[in-house]
Number of protein chains: 2
Amino acid sequence: MPPANPPLYDESIASGGFRLTRQRREVYGALLETRDHPSAVQVFTRVQKKMPSISLATVYNCLETLTQCGLVRQVNFDRGPSRFCPNTYRHAHFICTRCGVVHDVQLPEAAELARIWCLPDDYVVNEYEFSLRGVCRQCSPGGDEPVTLHPEKPTP
Amino acid sequence: MPPANPPLYDESIASGGFRLTRQRREVYGALLETRDHPSAVQVFTRVQKKMPSISLATVYNCLETLTQCGLVRQVNFDRGPSRFCPNTYRHAHFICTRCGVVHDVQLPEAAELARIWCLPDDYVVNEYEFSLRGVCRQCSPGGDEPVTLHPEKPTP
DNA sequence: CTAGGTGCAAAAGGTTTGCGGTTAA
DNA sequence: TTAACCGCAAACCTTTTGCACCTAG
């Protein structure tokens with residue numbers, strides 16, 4: 001039985017001119033069910049349990065469609081595959097370099113964010129992505145690692 | 001003849017416990033020479049002109065070493081290969097979704113950045129990456145596209 | 001009905017690895 | 001001298017594509 005996705009799902013899929021298929025529902029359902037920012041392969045493995053016939057290519061296609069509908073965000077980090085999250089609210093991501101866990105991180109109001117960009121006026125920004133890399137609570141019981149950001153001096 | 005890299009290069013390589021090789025010098029030189037955030041393959045093509053015997057694997061290895069030394073930053077976007085830049089000063093990146101050009105974008109002081117992160121106290125941040133996607137000056141003569149960010153309302 | 005979607009398999013990148021020969025220190 | 005590094009090729013992993021079949025609207 002397909003998961004009962006919120007009405008937002010049906011609306012968004014339809015308003016994007018896409019068809020409501022069981023595969024898309026299951027893929028979206030898997031993302032909603034466990035919000036741990038899985039990779040495409042992880043989504044595939046999870047959906048396979050409910051729908052053994054689904055293929056990896058279809059999972060990629062569904063994720064692409066869901067992203068186009070604005071239901072899903074694709075998140076990329078330095079290494080490893082893309083990961084996907086159903087939280088389309090403005091937020092950043094924190095990835096733990098030890099255990100790989102990804103957490104959503106709240107961002108300030110768009111107005112304040114816009115203020116900190118020092119971008120020429122005639123540039124149009126359609127999307128942004130803000131990723132933090134570090135060590136999470138579980139992996140750093142003593143908080144033993146220093147906070148080191150990029151150096152403050154320009155390169156030659 | 002190898003390019004005359006700034007002293008920072010020799011120092012950083014040596015202090016990292018690495019050897020000064022002509023390949024590393026050329027790879028770093030290529031990045032300094034044309035600061036257009038090339039991919040590994042582009043770096044390979046450029047270095048090949050001065051050093052036809054170099055291999056792509058070596059370019060990848062050199063970029064990895066240079067990154068470890070802190071001389072180079074690896075930049076990842078939604079799609080396409082990683083790109084590399086020799087500007088290790090704290091900055092964000094803007095990529096034009098039409099022509100693919102990447103520009104460095106100035107960021108505010110680290111202190112202000114840290115203030116806007118709403119991250120739990122016991123998380124340690126070692127690195128961050130801030131990427132903007134949009135349309136650059138050359139590709140948007142009329143500035144016809146609206147600024148659209150992520151929606152302001154949380155998902156269900 | 002029929003355009004759009006699925007499943008399969010193969011291919012296409014991008015990146016890493018293993019190994020014998022080379023070289024910086 | 002010798003551990004680190006290079007060049008080559010093959011492997012690996014993620015993602016995309018082509019095509020015949022299927023299905024939502």
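Chain letters run A, B, ... following the sequence lines, proteins first and then strands; every chain starts at 1. Hydrogens, waters and symmetry mates play no part in the numbers below; they use all other heavy atoms, side chains included.
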Nearest whole Å is fine: how far is [N] [atom2] from [X] [atom1]?
X: F44(A); N: dC13(D); atom1: CZ; atom2: P; result: 16 Å
X: Q48(A); N: dT6(C); atom1: CD; atom2: P; result: 15 Å
X: I13(B); N: dA25(C); atom1: CD1; atom2: C1'; result: 15 Å
X: M51(B); N: dC5(D); atom1: CE; atom2: P; result: 14 Å
X: Q74(A); N: dT16(D); atom1: CD; atom2: P; result: 8 Å

Determine the contact category for [X]: base if any of its heavy atoms lies under 4.0 Å from a base atom, sugar-phosphate if only primed atoms, P, OP1 or OP2 are that close, otherwise nothing.
X: S82(A); result: sugar-phosphate
X: L56(A); result: base
X: S53(B); result: sugar-phosphate

key: Validation row: V102(B), V75(B) side chains within 4.5 angstrom (heavy atoms)   = no
message = I want to check something: taking the side chain as every heavy atom from C-beta on, are V101(A) and I95(A) in contact at a cut-off of under 4.5 Å?
response = no
inquiry  = Can you classify the ring geometry of Y9(B) versus Y28(B) as parallel (below 30°), tilted (30 to 60°) or perpendicular (above 60°)?
reply    = parallel
ask   = Is the shortest distance from a Lys or Arg side-chain nitrogen in R46(A) or D36(A) to a carboxylate oxygen in the other one below 4.0 Å?
value = yes
task = Salt-bridge test for E33(A) and K50(A): reply yes if a basic N is under 4.0 Å from a carboxylate O, no otherwise.
result =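 Salt bridge between E33(A) and K50(A), a charged N being under 4.0 Å from a carboxylate O: yes.
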Taking atom types as modelled, find out whether [X] and [Y] have a side-chain donor-acceptor pair closer than 3.5 angstrom.
X: T58(B); Y: Q23(B); value: no
X: N76(A); Y: N76(B); value: no
X: Q74(B); Y: T67(B); value: no

message = Within the 4.0 Å limit for protein heavy atoms, which parts of nucleotides 19-25 of chain D are touched? Write it as a string from 5' to 3', B for base, S for sugar-phosphate only, - for none.
response = ----BBS
ask   = Could you state the interatomic distance from OG (S53(B)) to CZ (R22(B)), rounded to the nearest 0.5 Å?
value =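 Reported to 0.5 Å precision, the distance equals 7.0 Å.
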key: Distance (rounded to the nearest 0.5 Å) between L20(B) CG and D10(B) CG   = 4.5 Å
remark   = In short, the helix from dC1(C)-dG25(D) to dA25(C)-dT1(D) is bent end to end, axes from five pairs each side, to 10°, by 50°
Non-hydrogen atoms of S55(B) and F44(B) that approach each other most closely =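 Taking every non-hydrogen atom into account, C-CE1, 3.5 Å.
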query = In residues 58-69 of chain B, what residues come within less than 4.0 Å of DNA chain D, judged by heavy atoms?
reply = T58(B), C62(B)
query = Taking for each residue the nucleotide of DNA chain D bearing the nearest heavy atom, is the 5' side occupied by N76(A) or by Q23(B)?
reply = Q23(B)
